[in-house]
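These values consider heavy atoms only, across backbone and side chains, with no hydrogens, waters or symmetry-generated copies.
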Amino acid sequence: MQKPRVLVGMSGGVAEAVKAMPDTASVCVAQEKPRVLVGMSGGVDSSVAAALLKKQGYQVIGATMKLWEDRSSQEIEGGCCSFRAADDAKQVCSKLQIPHYTFNCETEFKQHVIDDFVHCYENCKTPNPCVECNKYLKFGAFYQKAIELECNYISTGHYAKVEYSEKYHTHVLKKSEAEKKDQTYFLYGIPKEVLPKMIFPLEKIPNKEEVRKIAEDYDLKVAHKKDSQEVCFIPDDDYGKFLKEKVKLKPKEGNIVLKDGTILGKHEGLIYYTVGQRKGMGIAYKEPLYVLRLNQEKNEVIVGTKQELYTNKLYANELNFLLDMDFSNPISIMAKIRYRSPEAKAILKVLKDKENRQIAEVIFEESQRAITPGQSVVFYLEDIVLGGGKIM
């Protein structure tokens, strides 16, 4: 009996697209396992994901998205957008004896990730491009490719899990068993309709060391490859340089001030600063100062003490919920305001703005440090992702 194919790791996914994918129940009558499209970034995680799926009997198809072409990043070992990444993915697929495709998604990447990145900095916000990439590319455009290839599932090397919940009577996104590597923070924005079509083969692997050991067992050349950097299209991590050279965003000099308006020095442009920043301001004061907020109207960087960085409330828009809940009353949740921050107890209220769009009010039990506009806040119910949004 011929084993089905699997396509791993493409972005995309709307209700209509889900309906277009082959029904697993009907496929399994004639096939042992359904077909899976696996998103291959050229890294060890997605490579092991593909290997495990094949071992489980799936007909696996590997695919790499070509997102961003920059000659300066082609040889970056950890880069997930480089030519080297695509070549590594192709070699892994050859080793595993599965087909490999490369999809050109540069247009979608520029529209949904690069343009959003620039827009955020233009409006004094600190973006999280990985969230946008997962939403629109890895589980959006990639999902559409899976449909075209008649795949039943998509898969990636993310540390997360999807399973059916009897409590909520739907598929839910849950935290990985590898707590330190859990990546659900970056996945809250995916369409909930796609959840039943997702497979995360690394869901039960406790740590990265075990993943690398599995890669060694399969003799994969990427077994000890460095992890990809957080912002793949900025290989030298110089945001200001990227914004000036790539998109011609011109920073303007202005004042660094205290909350009362006292001028302490000059800044070279708001794009170089983010809430919570301490270093690189070039000012002297009787105690350490941190960026509290950016005033776009006055072109000012407002600074203050460490204590002034803390607040117990935030508002968020662009909400996405993965569970259908009754939001007429406040809900007790755990909330996370950045990937590296611990979860914190909070109360979630879902309000409406003047245009009848949902706005989240999150009130924390304990004040949080450096709540940053543009970053994501993610809501959890125990180990289940309720949803999240963009901090205003």
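- Residues F117 and F233 place their aromatic rings such that the two centres sit under 6.0 Å apart.
- Panel note: side chain S46, backbone S41; a donor-acceptor pair is recorded below 3.5 Å.
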*Dump the intermediate steps for side chain to side chain contact (heavy atoms under 4.5 Å, CB included) on L294 and N299, then the final yes or no.*
CA-CA 7 Å; L294 306 177; N299 191 32; over 6 Å; no

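- D260 approaches T262 most closely through the heavy-atom pair OD1-OG1, 2.8 Å.
- Under the 4.5 Å side-chain criterion, counting only non-hydrogen atoms from C-beta, V172 is not in contact with V385.
- One finds a salt bridge joining R212 and D227 here, because a Lys/Arg side-chain nitrogen approaches an Asp/Glu carboxylate oxygen to under 4.0 Å.
- Taking the six-membered ring for Trp and the full ring otherwise, the centers of Y188 and F379 sit at least 6.0 Å from each other.
- Here the closest non-hydrogen pair linking D326 and S328 is OD1-OG, 2.7 Å.
- Looking only at distances, no side-chain donor or acceptor of Y218 sits under 3.5 Å from a matching main-chain atom of L52.
- Without hydrogens or angle criteria, D116 side chain to E132 main chain gives no donor-acceptor distance under 3.5 Å.
- The backbone N or O of E106 lies less than 3.5 Å from a partner atom in the side chain of N104, making a donor-acceptor pair.
- Note on I337 and L348: same hydrophobic cluster, where clusters join Ile, Leu, Val, Met, Phe, Trp and Tyr whose side-chain heavy atoms are under 4.5 Å apart, directly or indirectly.
- Put simply, the side chain of T156 reaches to within 4.5 Å of the side chain of F200, judged on heavy atoms.
- Contact check for Y239 versus I271: no side-chain heavy atoms found under the 4.5 Å cut-off.
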*Run the numbers on D87 and Q91 for side-chain hydrogen bond (donor to acceptor under 3.5 Å, both in side chains), then give the verdict.*
CA-CA 6 Å; D87 186 62; Q91 290 188 47; 2.8 Å; yes

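- K336 contributes a side-chain N or O that, together with a main-chain N or O of Y339, makes up a donor-acceptor pair within less than 3.5 Å.
- Checking side-chain atoms of Q375 against main-chain N and O of T126 turns up a donor-acceptor pair under 3.5 Å.
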*Would V194 and Y143 satisfy side chain to side chain contact (heavy atoms under 4.5 Å, CB included), going step by step from the backbone distance to the final call?*
CA-CA 8 Å; V194 181; Y143 187 75; 3.7 Å; yes

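- Heavy atoms only, all atoms of each residue included: D88 and G42 are closest at CB-O, 3.8 Å.
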*Run the side-chain hydrogen bond (donor to acceptor under 3.5 Å, both in side chains) check on T170 and Y164 step by step: do they pass?*
CA-CA 6 Å; T170 189; Y164 185 82; over 6 Å; no

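- A single hydrophobic cluster is seen to contain both W68 and F103, as judged by linkage of ILVMFWY side chains at heavy-atom distances under 4.5 Å, directly or through other members.
- Formation of a donor-acceptor pair under 3.5 Å by the H158 side chain with backbone atoms of A160 is not found in this model.
- Side-chain atoms of D182 come within 3.5 Å of backbone N or O of S176 as a donor-acceptor pair.
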*side chain to side chain contact (heavy atoms under 4.5 Å, CB included) assessment of K180 paired with Y159*: CA-CA 10 Å; K180 293 183 179 180; Y159 290 80; over 6 Å; no

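- Two residues are said to be in side-chain contact when any heavy atoms from C-beta on lie closer than 4.5 Å; K244 and P251 meet this criterion.
- The distance from the OH atom of Y101 to the CG atom of L149 is 5.5 Å, given to the nearest 0.5 Å.
- Contact between L270 and C124 at its shortest, heavy atoms only, is CD1-SG, 3.5 Å.
- In this structure, I214 and I205 have side chains that are in contact, with non-hydrogen atoms separated by less than 4.5 Å.
- Remark: side-chain polar atoms of N134 are not paired, donor with acceptor, to backbone N or O of G189 under 3.5 angstrom.
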_Step-by-step side chain to side chain contact (heavy atoms under 4.5 Å, CB included) determination, K313 to E361_ = CA-CA 7 Å; K313 183 188 294 187; E361 179 186 67; 3.8 Å; yes

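- With a 4.5 Å cut-off on side-chain heavy atoms, C130 and Y185 do not count as touching.
- Considering only heavy atoms from C-beta on, L53 stays 4.5 Å or farther from Y153 through its side chain.
- The hydrophobic cluster containing V291 also contains L264, counting ILVMFWY residues as joined when their side-chain heavy atoms lie under 4.5 angstrom apart, directly or transitively.
- Salt-bridge formation is not detected for the pair D45/K181: no Lys NZ or Arg NE/NH1/NH2 atom is positioned less than 4.0 Å from an Asp or Glu carboxylate oxygen.
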_Does T184 form a side-chain hydrogen bond (donor to acceptor under 3.5 Å, both in side chains) with Y380? I'd like the steps, not just the answer._
CA-CA 10 Å; T184 53; Y380 292 88; 2.9 Å; yes

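- Using modelled atom types, no side-chain atom of N123 and backbone atom of K125 make a donor-acceptor pair closer than 3.5 Å.
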*Check the pair H100 / S94 against side-chain hydrogen bond (donor to acceptor under 3.5 Å, both in side chains), numbers first and verdict last.*
CA-CA 8 Å; H100 176 267; S94 177; over 6 Å; no

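- Rounded to the nearest 0.5 angstrom, N312 CG and I347 CD1 are separated by 11.5 Å.
- Between Y58 and P34, the closest heavy-atom pair is CD2-O, 3.1 Å.
- Counting heavy atoms from C-beta outward, I384 and Y168 have side chains that approach closer than 4.5 Å.
- By the 4.0 Å N-to-carboxylate-O rule, E203 lies too far from K175 to be salt-bridged with it.
- Linking ILVMFWY residues whenever their side-chain heavy atoms come closer than 4.5 Å, directly or via other members, leaves F186 and I391 in distinct clusters.
- Checked for salt-bridge contact, E177 and K161 meet the test: a charged N lies under 4.0 Å from a carboxylate O.
- Cluster annotation: V113 is connected to F242 through the hydrophobic network of ILVMFWY side chains, with a link wherever side-chain heavy atoms come within less than 4.5 Å.
- Of all heavy-atom pairs spanning V211 and V48, the tightest one is O-CG2, 3.5 Å.
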